[in-house]
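All heavy atoms count here, side chains included; hydrogens, waters and symmetry mates do not.
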Amino acid sequence: MASGGNDGRKSYPSNGPTYGRANTTAGVGAATGGAAADRARVTYVTDLDKSVIVSNFDKRGWVQVSPDDDWNFYWAGTQTCRTLFSVDSGYRMNDNQMINHFPNTYELTRKDLLVKNIKRYRKELERDGNPLAERGDTPSRYLHLDFVPVTFVLPADYNMFVEEYRKNPQSTWIMKPCGKSQGAGIFLINKLSKLKRWSRESKTPFNPNLVKESYVISR
């Protein structure tokens with residue numbers, strides 16, 4: 001087996017450059033070991049005092065740093081994300097950075113905002129003459145954008161909901177609070193009188209001028 005200078009390449013002292021194939025990795029590792037280690041290190045920031053998060057990151061060998069340091073992953077609360085990516089901050093992530101929340105993700109994760117944005121998207125497609133906005137037999141039915149049921153936001157859309165309800169009074173509707181999750185506060189109604197009674201009992205009459213929790217109601 002060839003070694004040293006027997007392959008025809010010039011030999012160098014042990015502390016000089018090495019170009020033989022057998023020594024290439026060792027030479028590069030010796031010269032750039034520290035820099036490579038720094039590049040391979042994953043750093044993270046978190047503003048949540050959750051042991052399950054920190055312990056899992058530590059098990060992976062990730063290194064916790066402060067928000068002012070160079071970080072690769074930021075596990076943050078929603079308010080931190082809004083502050084970090086606000087218009088005033090002007091902060092933009094680099095290609096080697098990730099965060100657990102998309103900026104303005106609530107525009108899709110809140111039920112009322114999701115409905116609002118889907119309706120806005122439909123109107124934009126119709127205005128542009130996009131075939132995706134093609135409607136079916138009835139004006140309210142979309143051929144391609146029918147993945148969202150007929151939905152209204154209460155109390156703001158109460159009058160429009162009543163109009164739609166009276167077209168098919170035998171149908172069942174589901175009520176969901178916009179700001180809750182995991183099934184909290186969800187119930188079904190199949191009579192308009194039940195909705196009115198619930199409104200009275202909850203002491204939150206459907207007055208759009210009042211500031212209170214909003215619901216989405218879907219068929």
Below 3.5 Å, can you tabulate the donor-acceptor pairs from side chains in residues 124-132 to any protein atom, sequence neighbours excluded?
from	atom 1	to	atom 2	distance (Å)
Glu126	OE2	Arg135	NE	3.1
Glu126	OE2	Arg135	NH2	2.7
Glu126	OE2	Tyr142	OH	2.9
Asn130	OD1	Leu132	N	2.9

Mind listing the closest non-hydrogen atom pair of Gly185 and Pro177 along with its distance? O-CD, 3.4 Å
Can you find a heavy atom in the side chain of Asn159 that is under 4.5 Å from one in the side chain of Glu163? no
Decide whether Val42 and Met98 are clustered together by the hydrophobic rule: side chain heavy atoms of Ile, Leu, Val, Met, Phe, Trp, Tyr closer than 4.5 Å, transitively. yes
From Leu84 CG over to Asp47 CG, what is the distance, rounded to the nearest 0.5 angstrom? 10.0 Å
What's the shortest heavy-atom distance between Cys81 and His101, and which atoms? SG-CB, 3.5 Å
Backbone N/O of Val153 and side chain of Ser214: donor-acceptor pair under 3.5 Å: no
For Lys123, which residues count as a side-chain contact (heavy atoms from CB on, under 4.5 Å) partner, sequence neighbours excluded? none
Any link between Met160 and Tyr215 through a network of hydrophobic side chains (Ile, Leu, Val, Met, Phe, Trp, Tyr) touching at under 4.5 Å? yes
Would you say Val115 and Tyr158 are hydrophobically clustered, going by side-chain heavy atoms of ILVMFWY under 4.5 Å? no
Look at the side-chain heavy atoms of Ile, Leu, Val, Met, Phe, Trp and Tyr, link any pair under 4.5 Å apart, and say whether Ile118 and Val216 land in one connected group. no
Polar side-chain atom of Lys111 near backbone of Lys180 as donor-acceptor pair, under 3.5 Å: yes
Any heavy-atom pair between the side chains of Glu164 and Val150 that's under 4.5 Å? yes
Students often mix this up, so state it plainly: with edges at 30° and 60°, are the rings of Tyr165 and Phe161 parallel, tilted or perpendicular? tilted
Rounded to the nearest 0.5 Å, how far does CD1 of Ile99 lie from CD of Gln97? 9.0 Å
Flag yes if more than 12 heavy atoms outside Lys191 fall under 6.0 Å of its NZ atom; otherwise flag no. no
Side chain to side chain, Trp75 and Lys50, heavy atoms closer than 4.5 Å: no
Answer yes or no: is there a side-chain heavy-atom contact under 4.5 Å between Cys178 and Arg110? yes
Partners meeting ring-ring contact (aromatic ring centres under 6.0 Å, His included) with Phe187 (sequence neighbours left out): Trp198
Would you say the side-chain atoms of Ser55 and Asp58 include a donor-acceptor pair closer than 3.5 Å? no
Run the salt bridge (charged side-chain N to carboxylate O under 4.0 Å, His left out) test against Lys194 and tell me which residues pass, sequence neighbours left out. none
Of all residues at least two apart in sequence or in a different chain, which pass the ring-ring contact (aromatic ring centres under 6.0 Å, His included) check with Phe57? Tyr44, Trp62, Phe73
What pair of heavy atoms forms the shortest contact from Ile217 to Ile189, and how long is it? CD1-CD1, 3.7 Å
Do Val65 and Val45 have side-chain heavy atoms sitting under 4.5 Å apart? yes
Atom OG1 in Thr46, atom CG in Asp49: separation rounded to 0.5 Å? 8.5 Å
Examine Leu143 and Phe147 and state if one hydrophobic cluster contains both, with Ile, Leu, Val, Met, Phe, Trp and Tyr joined whenever side-chain heavy atoms are less than 4.5 Å apart. no
Going from CG on Leu154 to CG on Leu195, what distance comes out if it is rounded to the nearest 0.5 angstrom? 6.5 Å
What distance separates Asp88 CG from Thr83 OG1, expressed to the nearest 0.5 Å? 10.5 Å
Under 3.5 Å donor-acceptor pairs involving side-chain atoms of residues 169-176, not counting sequence neighbours:
from	atom 1	to	atom 2	distance (Å)
Ser171	OG	Asn168	O	2.8
Ser171	OG	Trp173	NE1	3.1

Side-chain touch Val148/Arg122, heavy atoms, less than 4.5 angstrom: yes
Is the backbone of Glu107 close enough, under 3.5 Å, to the side chain of Asn117 for a donor and an acceptor to pair up by distance? yes
More than 12 heavy atoms from other groups under 6.0 Å of CG on Asp69: yes
Here the gap from Asp95 atom CG to Met93 atom CE, rounded to the nearest 0.5 Å, amounts to 10.0 Å
